[in-house]
Every structure is written in structure tokens, then in C-alpha cells.
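The block underneath contains the structure these notes are about, expressed in C-alpha cells.
Model, not experiment: these values are computed from the prediction.
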Amino acid sequence: MINLRFFILLFLIIGFISCDDKRVFDEYKTVSDTWEKDEKISFTLPELDSVQRYNLFINVRNTNGYKYSNLFLISKMEFPNGKIVTDTLEYEMAKPNGEWLGEGFTDLKESKLWYKENVSFTEKGIYKVVLQHAMRKNGETLGINSLEGITDIGFRIEFAENPK
């Protein structure tokens with residue numbers, strides 16, 4: 001009887017997770033014990049419909065070992081024609097009282113952070129997104145070499161509207 005309950009519960013969880021109509025691409029990369037300043041995390045995007053519009057997200061998983069209330073990232077989107085668009089991004093990770101903004105029941109929280117909205121990929125070829133952290137302490141010019149508490153970085157693409 002216990003095995004039957006387990007399989008029913010497992011089936012329901014898989015069914016719930018797989019009902020994500022907007023998801024086009026969703027990939028995570030695990031960060032080493034600490035996310036090093038020069039460690040770049042890259043994602044090669046799948047071939048996307050040039051007529052469709054997409055919303056892009058950066059997903060971050062962190063533990064209570066993360067010591068900051070925000071996160072600074074440098075993103076580079078590499079286009080098939082060689083053009084590179086670089087952005088410096090800042091995300092709020094915690095409320096003023098220290099409570100994490102991400103979702104999760106344990107000390108591991110996951111934050112889905114907006115990157116770009118309503119984007120179309122009109123060039124044929126391979127697009128690549130490269131992320132690295134740009135954290136530094138207040139009043140210091142040199143960045144933090146080893147960022148603790150970040151476990152995974154993900155990149156997600158969703159349909160801006162459900163495809164027809």
C-alpha cells in the first residue's frame with residue numbers, strides 16, 4: 001500500500017511540474033563551492049522561432065550562506081553575427097529584515113529574476129548567454145573573489161505569449 005501511495009504521489013508531482021506551457025528552455029549550472037570572480041557561467045540557447053517573442057530570466061539558487069541582500073551580475077548575450085550586448089544587473093535577494101525573497105521550504109531558496117522582456121531572436125545561428133558575478137563590499141574597489149552561498153545559476157526562456 002505504501003508503494004502505491006508513493007507512485008501516485010510521484011506521478012502527481014511529475015504531472016504538476018511538466019505542465020509548464022510557457023517554458024521553452026530551462027537549464028541550470030552548478031557553481032563550485034564558491035562562485036569565483038572570474039568564473040563565467042554560459043548557456044547556449046536552442047534554435048528559437050524568429051517570429052515568436054520571449055521573456056528571459058536568470059534563476060539563482062542560494063543558501064543561508066549568502067551574506068548579501070542583493071546580487072550584481074554582468075551578463076553578455078552573444079549574437080550569431082558576433083555582436084555582444086553587455087549589461088550590469090542588480091537584483092534584490094532579501095527583504096530589509098533579512099528574509100529571502102526566493103521560493104523554497106528549506107534554507108535553499110530559488111529566485112526567478114527578470115533579464116529581458118518581449119525579445120525576438122531574428123538572426124539564424126547560435127546565441128549564447130554568459131553570466132558572472134560582480135559583487136563587491138561597500139567602500140571597496142576590488143570585487144569579492146569568492147562568493148559564498150550561491151549553489152546554482154540557471155537561465156530560462158518562456159514564451160511571452162502562448163504560441164498559437
*asked:* Quick check: closest heavy atoms across Asn59 and Arg156, and the distance to 0.1 Å?
replied: ND2-CB, 3.7 Å

*Check: Asn97 side chain, Glu99 main-chain N or O, donor-acceptor pair, under 3.5 Å*: yes

*Over 12 non-hydrogen atoms of neighbours within 6.0 angstrom of NZ in Lys112*: yes

_Check for me, please, whether Val119 and Val130 land in the same ILVMFWY cluster - side-chain distances under 4.5 Å, paths through other members count._
no

*So, does Asn55 use its side chain to make a donor-acceptor pair with the main chain of Asn118 at under 3.5 Å?*
yes

*asked:* Less than 4.5 Å apart, side chain to side chain, heavy atoms only: is that true for Met77 and Tyr115?
replied: yes

*Any sub-3.5 Å donor-acceptor pair from Tyr91's side-chain atoms to Trp114's backbone N or O?*
yes

_Hydrophobic clusters here meaning ILVMFWY residues chained together by side-chain heavy-atom distances under 4.5 Å, can you tell me if Leu108 and Val60 are in one?_
no

*Can you get from Phe72 to Trp35 by hopping between Ile, Leu, Val, Met, Phe, Trp and Tyr side chains that sit under 4.5 Å apart?*
yes

*Kindly compute the distance separating CD (Glu148) from CG (Asn64), expressed to the nearest 0.5 Å.*
13.0 Å

*Please report the C-alpha distance between Leu71 and Met135 in whole Å, then the side-chain angles of each, then the deciding distance to 0.1 Å, and finally whether the side-chain contact (heavy atoms from CB on, under 4.5 Å) criterion is met.*
CA-CA 7 Å; Leu71 175 65; Met135 294 294 292; 4.1 Å; yes

*Just checking, is any N or O donor in the side chain of Thr34 or Glu36 under 3.5 Å from an acceptor N or O on the other one?*
yes

_If I compare all heavy atoms of Gln52 with all of Glu161, which pair ends up nearest, and what's the gap?_
NE2-O, 3.4 Å

*If you take all heavy atoms of Leu73 and His133, which pair is closest and at what distance?*
CD2-CA, 4.0 Å

*Report the C-alpha distance between Phe79 and Tyr127 in whole Å, list the side-chain angles of each, state the deciding distance to 0.1 Å, and finish with yes or no for ring pair (Phe, Tyr, Trp, His ring centres under 6.0 Å).*
CA-CA 5 Å; Phe79 289 72; Tyr127 288 82; 5.5 Å; yes

_What's the separation between atom CG in Leu113 and atom CG in Leu56, rounded to the nearest 0.5 Å?_
13.0 Å

*Would you call the rings of Phe43 and Phe25 parallel, tilted or perpendicular, where under 30° means parallel and over 60° means perpendicular?*
perpendicular

*asked:* Donor-acceptor check, side chain of Tyr54 to backbone of Asp49, threshold 3.5 angstrom: yes or no?
replied: yes

*Looking only at heavy atoms, what is the nearest atom pair of Gly102 and Ser111, with distance?*
CA-OG, 3.5 Å

_Starting from Ile74, can I reach Leu147 by hopping between I/L/V/M/F/W/Y residues whose side chains sit under 4.5 Å apart?_
no

*Are Lys76 and Glu78 close enough for a salt bridge, meaning some N to O gap below 4.0 Å?*
no

*Keeping the roles fixed (side chain from Gln132, backbone from Lys37), state whether a donor-acceptor pair exists under 3.5 Å.*
yes

*What are the two closest non-hydrogen atoms of Val129 and Leu45, and how far apart are they?*
CG2-CD1, 4.2 Å

*Straight-line distance of Leu89 CG to Leu131 CG, nearest 0.5 Å*: 8.0 Å

*What do you reckon, is CD of Glu103 surrounded by more than 12 foreign heavy atoms closer than 6.0 Å?*
no

*Salt-bridge criterion met for Glu27 and Lys29 (N-O under 4.0 Å)*: yes

*asked:* Using side chain to side chain donor-acceptor pair (under 3.5 Å), reason through Asp107 and Trp100 one step at a time and then give a plain yes or no.
replied: CA-CA 9 Å; Asp107 74 332; Trp100 294 118; over 6 Å; no

*asked:* Just verifying a value: how many Å separate Ile153 CD1 and Asn62 CG, rounded to the nearest 0.5 Å?
replied: 9.0 Å

_Please report the interatomic distance CZ(Phe159) to CG(Leu48), rounded to the nearest 0.5 Å._
8.5 Å

_Rounded distance (nearest 0.5 Å) linking atom CZ of Phe57 with atom CD of Glu158_ = 4.5 Å

*Which pair of heavy atoms, one from Ser50 and one from Ser120, lies closest together, and at what distance?*
O-CB, 4.2 Å

*Say whether, by atom type as modelled, one donor and one acceptor occur between the side chain of Lys83 and the main chain of Pro80 under 3.5 angstrom.*
no

